[in-house]
Amino acid sequence: MSHSLLGAAAPSFDEPLEMLDACHGRIQAQIETLRRLVQHLPRHGADQAAREAAQGVLRYFSVAAPHHHADEEDDLFPALRASQAVAREAAVAAQVEALIERILADHRRMDRARDEVLARLQAIVAAQPGECSEALPAAMVEGLAELYLGHIDLETRELLSLGRRLLSPEQAAAVGRSMAARRGAVFPEGEQ
């Protein structure tokens, strides 16, 4: 193993579960930006810093977050359902199905809450300096944070560990290829 002076390398598409986990960290960072924005707006309104922060969170939750859900719903969940352990063991199949249903329900709740916040962020981005001091209620942001942070905990504890346990290397590679294609990226074929 080589050690880089830059620190650990970010996971790539040939490590799809690690990529999903890394995305959780980026979501947490966006939640923290929203929390800072809630504190900033009453004092400064929609100044340049507020508009830039709102634009960054808006961009992330409009592009990356939907990709993350699609990675799970379109790629990871079908791969888990198709795993050999699920095919062999009814108890594992029931566990996987219950977890997927819970995560899908979470995704729908998160999507609704996220869309409300995104509408507020769009107003902040379009505002004149000093406007929008009340545009982003703390309760709305904390509701979104609670949904996302609880969901991230569930996925980290259960979904990703199930994926590591149940997916074959070929299934994991197929998930990674699909994730790369969704983003117009190249899958690192030489490393498989």
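Positions are given from 1, in the same order as the sequence printed here.
For Gly163 against Leu80, the heavy-atom pair with the smallest separation is CA-CD2, 3.8 Å. Nearest heavy atoms, Gly45 versus Ala50: O-CB, 3.5 Å. In terms of heavy atoms, Leu41 sits closest to Ala46 at CD2-N, 4.1 Å. Of all heavy-atom pairs spanning Ala172 and Pro16, the tightest one is O-CG, 3.2 Å. For the pair Arg51 and Pro129, the tightest heavy-atom approach, listed with the atom from each and the gap, is NH1-CG, 3.6 Å.
Between atom OG1 of residue Thr156 and atom CG of residue Asp21 there is a gap of 5.0 Å, rounded to the nearest 0.5 Å. The distance from atom CG of Leu154 to atom CD1 of Ile103, rounded to the nearest 0.5 Å, is 5.0 Å. Note that CG of Leu34 is 12.0 Å distant from CD of Gln39, once rounded to the nearest 0.5 Å. Note that CD of Gln28 is 10.0 Å distant from SG of Cys23, once rounded to the nearest 0.5 Å. Once rounded to the nearest 0.5 Å, the distance linking CG of Leu20 with CG of Asp71 reads 5.5 Å.
Counting only heavy atoms from C-beta outward, the side chains of Leu167 and Leu162 never approach each other to under 4.5 Å. Using a 4.5 Å cut-off on side-chain heavy atoms (C-beta onward), His67 and Met179 make no contact. Taking the side chain as every heavy atom from C-beta outward, Val96 and Phe77 never approach each other to under 4.5 Å. Between Ile100 and Glu72, every side-chain heavy-atom pair lies at or beyond the 4.5 Å cut-off. With a 4.5 Å cut-off on side-chain heavy atoms, Arg182 and Asp75 count as touching.
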Discussion item. As a quick check of understanding, evaluate side chain to side chain contact (heavy atoms under 4.5 Å, CB included) for Val86 and Leu166, giving each step before the final call.
Written reply: CA-CA 8 Å; Val86 167; Leu166 299 180; 4.3 Å; yes
Worksheet item: Run the side-chain hydrogen bond (donor to acceptor under 3.5 Å, both in side chains) check on His40 and Asp47 step by step: do they pass?
Response: CA-CA 9 Å; His40 181 91; Asp47 63 1; 2.8 Å; yes
Discussion item. Run the side-chain hydrogen bond (donor to acceptor under 3.5 Å, both in side chains) test on Gln48 and Glu52 for me, step by step, so that the C-alpha distance in whole Å, both residues' side-chain angles and the decisive distance to 0.1 Å come before the verdict.
Written reply: CA-CA 6 Å; Gln48 182 176 348; Glu52 288 174 0; 2.7 Å; yes
Worksheet item: Please walk me through it: do Gln171 and Ser83 pass side chain to side chain contact (heavy atoms under 4.5 Å, CB included)?
Response: CA-CA 8 Å; Gln171 288 173 309; Ser83 73; 4.1 Å; yes
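With Arg164 as the partner, the salt bridge (Lys or Arg N to Asp or Glu O under 4.0 Å) test is satisfied by one option alone out of Glu158, Glu18, Glu15: Glu18. A side chain to side chain donor-acceptor pair (under 3.5 Å) with Thr33 is found for exactly one of Arg35, Gln30, Arg36, namely Arg36.
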Side-chain donor-acceptor pairs of residues 115-128 under 3.5 Å, sequence neighbours excluded:
unit_1 : atom_1 : unit_2 : atom_2 : d
Arg120 : NH1    : Ala135 : O      : 3.0

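Under the 4.5 Å side-chain heavy-atom criterion for grouping Ile, Leu, Val, Met, Phe, Trp and Tyr, Leu17 is not connected to Ile152 through any hydrophobic cluster. Connection of Leu147 to Leu159 is not established within any shared hydrophobic cluster, with ILVMFWY side chains joined at heavy-atom distances below 4.5 Å, either directly or through further cluster members. Placement of Tyr60 and Met19 in two distinct hydrophobic clusters is found when ILVMFWY residues are connected by side-chain heavy-atom separations under 4.5 Å, directly or transitively. One hydrophobic cluster, built from ILVMFWY side chains closer than 4.5 Å, cannot hold both Met110 and Leu104; they sit in different ones.
The residues Arg81 and Glu73 are annotated as not salt-bridged, no charged nitrogen and carboxylate oxygen being separated by less than 4.0 angstrom.
More than 12 heavy atoms of other residues, nucleotides or ligands lie within 6.0 Å of CD in Glu142, so this atom counts as buried by the packing criterion.
The side chain to side chain donor-acceptor pair (under 3.5 Å) analysis of residues 143-152, with sequence neighbours excluded, yields the pairs Asp106-His151, His107-His151, His151-Glu155. Here ring-ring contact (aromatic ring centres under 6.0 Å, His included) pairs that include residues 17-36, with residues two or more places apart or in two chains, are His24-His68.
Looking only at distances, a side-chain donor or acceptor of Ser161 sits under 3.5 Å from a matching main-chain atom of Arg157.
Relative to the six-membered ring of Phe187, Arg177 meets both conditions, a distance below 6.0 Å and an angle of at most 45° to the axis.
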